[in-house]
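In this text, all values refer to a predicted model and were calculated from it rather than measured experimentally.
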Amino acid sequence: MHVRTRTAAALLTAALATGLLGAAPAWSAPATDDRSAPTANTSRHQVEAFAEDGTISHGTAPAASPYLAAPSPALTAPTADGDGDGDGEVTALVRNGDPATKLDVVVIGDGYSAQEQGRFRTDATEKWREITAVEPYATYQRLFNVWAVNAVSPESGVTGDPDRATVRHTALGSYFWCDGVERLLCVDEKAVERYAAKAPQADLVIVVSNSTKYGGAGYNDVKSTLGYEGIATVAGGNAKSGQIAVHETGHSLGKLADEYAYDGQGTYQGAEPPEANLSTLTADRMRAQGTKWSRWLGQASPDGGTVGAYEGAGYYPTGLYRPTENSIMRSLGREFNLPGREAMIAGFYRHATPLTSPTPTGTRLTAADRLAVDLPVPGTRLHWYLDGREQTALRGRTTLDLGALHLTGPRSRPHLLTAVATDPTPAVADPALRAELTRSLSWSVTR
């Protein structure tokens, strides 16, 4: 995050000493432990850690894990039995369409043995249910495909569960006590990428580890050759951990900043932040300039209260403002505020489209054909145009018998048929973002 100054490792270590990361950190040196020490000369990433009381803090994690099992040969070769439980096998948990038109979430299990792959898929399904219980996921869930990738581990469980002395060597090297913080659940970045590559496409990656212990992490600065926007780790058997993934996608999809602050961090002195939910401006100045979340000022927000400018955000207690008192970008168990919800929907549409069709646009159609389109988002408006003129009688129809177009002219002359779909949601107010909520498809049709 652009407003981080002091080392996040020191923040988290001191926070651990106070209990569950809920108190303001005092500055002290990071704790070390041979059992969780990464191998030398490994790069490190800024990650987020999550306490059971919903508070969030930062730490650093090595790109490599000291608990990584040797890669399975099956990962680079087809499995013999094809029973769905082999290493690297992919199962569609949710399949709403072509990956080219959907936002594809890849869920990878870790710490699940060959006999536990069915349980991994059950845990992965439950995590996705938890995520889609939160808006705007609930409304927009048909924009997503969800792929489960088996990662068969030689040992069942996760290092650091139930205690720091427990060691498990697993396919992704998951381990608690990362960076000396009990609830910080880290993985091996390259192993995650190897398994994610097995899915048809990876826009987001979630690692579900075989543990009931609360914990997780968010990797938001990972540079993947596959192009996915981040990694979230969650405990598969813990009922609260799905909230971790929701918060992390606020960063990766919504490009949102953290809205919490640390006592003692001082006053922010930098430039206006680029994130949609941070500002140096008070509500009056924001309204006067018509910038940031000015369109939402004074409106009731789904996370509670009214949209305004609340001081304390981006890790600074003063000098930076957030839109609401306490959204999910400040603590878990909350909803996105109105500016956050708008940013999330815009993030969905970077990868998915409000209009699809099983008939490719390059297909040559005739009046004898039937054409269908799909509108995955409830309430989407659909208009049809023939040679640039709207066919008002066809408005909203998702299936057409093309003979009803009553085409005229020479049989050899093609007509241009266009479907235009627009998501009219009032949750997106920014005109620049609204432009992404309209998509069109066109076909050539002859008599």
Side-chain angles (χ1 to χ4, degrees), residues 1-3 100-103 135-137 139-140 142-144 203-204 220 227-230 248-259 270-303 306-310 313-314 320-324 327-329 335-356 375-383 385 418-442:
M1 300 300 171
H2 72 285
V3 291
T101 65
K102 301 297 178 183
L103 199 164
E135 289 289 358
Y137 281 98
T139 296
Y140 288 85
R142 286 191 61 220
L143 290 180
F144 292 81
D203 297 320
L204 289 173
N220 295 305
Y228 51 78
E229 297 193 65
E248 286 309 317
T249 60
H251 295 307
S252 57
L253 286 178
K255 308 304 180 186
L256 297 168
D258 289 311
E259 295 177 5
E272 177 68 9
E275 293 91 345
N277 62 329
L278 284 188
S279 183
T280 59
L281 303 175
T282 64
D284 288 343
R285 291 179 62 201
M286 195 179 299
R287 186 180 289 107
Q289 295 182 20
T291 189
K292 282 299 173 75
W293 56 87
S294 60
R295 294 179 181 86
W296 301 112
L297 288 172
Q299 296 194 33
S301 189
D303 58 320
T306 302
V307 177
Y310 297 78
L320 281 176
Y321 296 88
R322 62 189 188 276
T324 55
S327 82
I328 195 170
M329 300 312 293
E335 294 280 342
F336 287 102
N337 54 36
L338 286 175
R341 187 173 290 189
E342 177 180 57
M344 291 299 292
I345 295 171
F348 295 168
Y349 281 124
R350 283 202 309 274
H351 299 275
T353 175
L355 174 67
T356 64
L375 307 176
V377 177
T380 298
R381 296 171 183 164
L382 179 65
H383 298 261
Y385 298 83
T418 301
V420 179
T422 300
D423 177 359
T425 177
V428 177
D430 186 336
L433 298 180
R434 286 211 59 82
E436 298 301 315
L437 275 59
T438 296
R439 288 291 185 275
S440 65
L441 295 174
S442 295

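In this model, no donor atom of one side chain and acceptor atom of the other lie less than 3.5 Å apart for Thr282 and Asp284. Residues Asp303 and Ser327 bring no donor and acceptor atom of their side chains to less than 3.5 Å of each other. For the residue pair Tyr228 and Ser252, no side-chain donor N or O sits within less than 3.5 Å of a side-chain acceptor on the partner. Looking only at atom types and distance, the side chain of Gln289 has no donor-acceptor partner in the side chain of Ser294 under 3.5 Å away.
By the 4.5 Å heavy-atom criterion applied to side chains, Leu382 and Val420 are not counted as neighbours. Under the 4.5 Å side-chain criterion, counting only non-hydrogen atoms from C-beta, Thr356 is not in contact with Leu441. At least one side-chain heavy atom of Pro136 sits less than 4.5 Å from a side-chain heavy atom of Phe348. Proximity of Glu275 to Leu256: side-chain heavy atoms (C-beta onward) are nowhere separated by under 4.5 Å. Side-chain atoms of Leu437 and Tyr349, non-hydrogen and from C-beta on, do get closer than 4.5 Å to each other. No side-chain heavy atom of Pro302 sits less than 4.5 Å from a side-chain heavy atom of Glu135. Annotation: side chain of Pro273 is in contact with side chain of Leu320 (closest heavy-atom distance under 4.5 Å). Taking 4.5 Å as the limit, some side-chain heavy atom of Tyr140 sits within range of a side-chain heavy atom of Thr425.
Here the closest non-hydrogen pair linking Gly314 and Leu278 is N-CD2, 3.7 Å. The two residues Trp293 and Pro339 make their nearest non-hydrogen contact at CB-CG, 3.5 Å. Contact detail for Leu433 and Ala346: the closest heavy-atom pair is CD2-CB, 3.9 Å. Summarising the geometry of Thr139 relative to Pro378, their closest heavy-atom pair is O-CD, 3.6 Å, with the distance given to 0.1 Å. When every heavy atom of Ala429 is checked against every heavy atom of Arg434, the shortest pair comes out as C-CG, 4.5 Å. Contact detail for Pro354 and Arg439: the closest heavy-atom pair is CD-CG, 3.4 Å.
One N or O on the side chain of Glu272 and one on the backbone of Thr280 form a donor-acceptor pair closer than 3.5 Å. With hydrogens and angles disregarded, no donor-acceptor distance shorter than 3.5 Å links the side chain of Lys292 to the backbone of Leu281. Checked by atom type and distance alone, the side chain of Thr422 never pairs as donor or acceptor with a backbone atom of Pro424 at under 3.5 Å. Judged by distance alone, the side chain of Thr101 and the main-chain N or O of Thr353 form no donor-acceptor pair under 3.5 Å.
One finds the CD atom of Glu248 at 5.0 Å from the NE2 atom of His251 (value rounded to the nearest 0.5 Å). Within the model, atoms CD of Glu259 and OH of Tyr321 stand 15.0 Å from one another, a figure rounded to the nearest 0.5 Å. We find the CZ-OH distance between Arg341 and Tyr137 to be 12.5 Å, quoted to the nearest 0.5 Å. Ser442 OG to Tyr385 OH: the interatomic distance, rounded to the nearest 0.5 Å, is 11.0 Å.
Arg381 meets the salt bridge (Lys or Arg N to Asp or Glu O under 4.0 Å) test with no other residue; sequence neighbours excluded.
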Q: Might you work through the salt bridge (Lys or Arg N to Asp or Glu O under 4.0 Å) test for Glu229 and Lys255, ending with a clear yes or no?
A: CA-CA 10 Å; Glu229 297 193 65; Lys255 308 304 180 186; 2.5 Å; yes
(Q) Set out, in order, the CA-CA distance, both residues' side-chain angles and the distance that settles salt bridge (Lys or Arg N to Asp or Glu O under 4.0 Å) for Arg295 and Glu342, then state yes or no. (A) CA-CA 11 Å; Arg295 294 179 181 86; Glu342 177 180 57; over 6 Å; no
